[in-house]
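A short write-up of the structure that comes next.
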Amino acid sequence: MALLKWPKPGRNGATPPADSAEGRMPLMDHLRELRNRLVIALLGLLAGIVVGFIFFDPIWRFVSEPYCGLPQAQELRAGECTMLILGVFDSFFVNLKVAAMFGLVASSPIWLWQIWGFVTPGLYRNEKRYSIGFIFMAVPLFLAGAGLAYFVMDKGLSILLGFAPPGTLVGITIDEYLSYALVMLIIFGISFELPLLMVFLNFIGVLPRAVVAKHRRMVIFIMFLFAGIATPSTDPFSMIALAVPMVVLFALAEGVMYLRERRLPKGEDFSHLDDDEASPLGDDGNPIEDVSPVDDLTPIDSGTTDPDPRK
């Protein structure tokens, strides 16, 4: 008895089983690419951490500046900025956290490029031309968000530490301060990427501007709600410092979407149509005319049916 072979994908409409070798190949290739890009991103982060270890002293002075500029930082020792170390291993982890913070920011072009490179193969050829421009905008936006977080940290700390009752000494641990600073940098940096993601989805035809304009008030409300939840401090200054730039970037993103859709040829933008409304399918932008079936079926004379033409 001959062995039956499962047909290849696309032959007679059949597809291989999920556990077959042929069906497993695309998934394995995708996972292999994900592994390779994760390795590259981690190597870039590791290189940044090593540099952070080497230049720890100047980096630490820069990172601790928002706290050291506050009057509460000099309450334990007059004229000197003082933080507490309470654990035996905290000194090592302080160096590790400072180096990781520097490595995360310094290697952001590498891991942002790897994330974008992993998503790009799923796009169409006409959509890939936007990828280079968007990645060059993603890195400055992330750095701008991280920079804004650095400059508003002192205001947030000043408000929070100002609630200390009279007669008490304010002293925070280095671990608490670094955790606060790291979360602020990540939250602000990622939040600045969201408007860019909106523009990219509009450029590839996934997010029409009409949908954004319809839910504009809800989106702004969600941004303020997100800023209030995401910021590690509960002070209103940090929330406003994150929410206002997000709203401004959102308005700029909507403006770019408006200008882009305005330049589209007529008949190409179907964002104004309802979900159950057909879009024009003709090459000239006009709907295809309905071709009704032929009602009058007239027999066609096919000539003689005599099998022998000699008769």
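What you see below is based on every heavy atom in this structure, not just the backbone, and it leaves out hydrogens, waters and symmetry mates.
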Centroid separation under 6.0 Å, is that true for the rings of Phe188 and Tyr150?
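Aromatic pair excluded; centres sit 6.0 Å or further apart.
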Would a single hydrophobic cluster contain both [Y] and [X], if residues Ile, Leu, Val, Met, Phe, Trp and Tyr are joined by side-chain heavy-atom contacts under 4.5 Å?
{"X": "Phe56", "Y": "Ile174", "value": "yes"}
{"X": "Val39", "Y": "Trp111", "value": "no"}
{"X": "Leu46", "Y": "Phe92", "value": "no"}
{"X": "Leu242", "Y": "Ile186", "value": "yes"}
{"X": "Ile110", "Y": "Ile190", "value": "no"}

Between the main-chain N or O of [Y] and the side-chain N or O of [X], is there a donor-acceptor pair closer than 3.5 Å?
{"X": "Thr173", "Y": "Glu176", "value": "yes"}
{"X": "Tyr177", "Y": "Val63", "value": "yes"}
{"X": "Ser158", "Y": "Asp154", "value": "no"}
{"X": "Trp60", "Y": "Asn95", "value": "no"}

Donor-acceptor contacts under 3.5 Å from residues 191-199 side chains, at least two apart:
residue, atom, partner, partner atom, Å
Ser191, OG, Ile187, O, 2.6
Glu193, OE2, Phe142, N, 3.1

So, taking the atom named CZ in Phe136 and the one named CG in Leu141, what distance separates them when rounded to the nearest 0.5 Å?
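Taking CZ in Phe136 and CG in Leu141, the distance rounds to 14.0 Å.
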Output all residues satisfying ring-ring contact (aromatic ring centres under 6.0 Å, His included) with Tyr258, sequence neighbours left out; order by chain, then residue number.
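Here no residue qualifies.
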So, Arg37 and Glu33, do they make that salt bridge, N to O below 4.0 Å?
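Glu33 and Arg37: salt-bridged.
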Could you give all pairs that pass the side chain to side chain donor-acceptor pair (under 3.5 Å) test and reach residues 195-207, with sequence neighbours left out?
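Passing the test, one end in residues 195-207: Asn202-Glu261.
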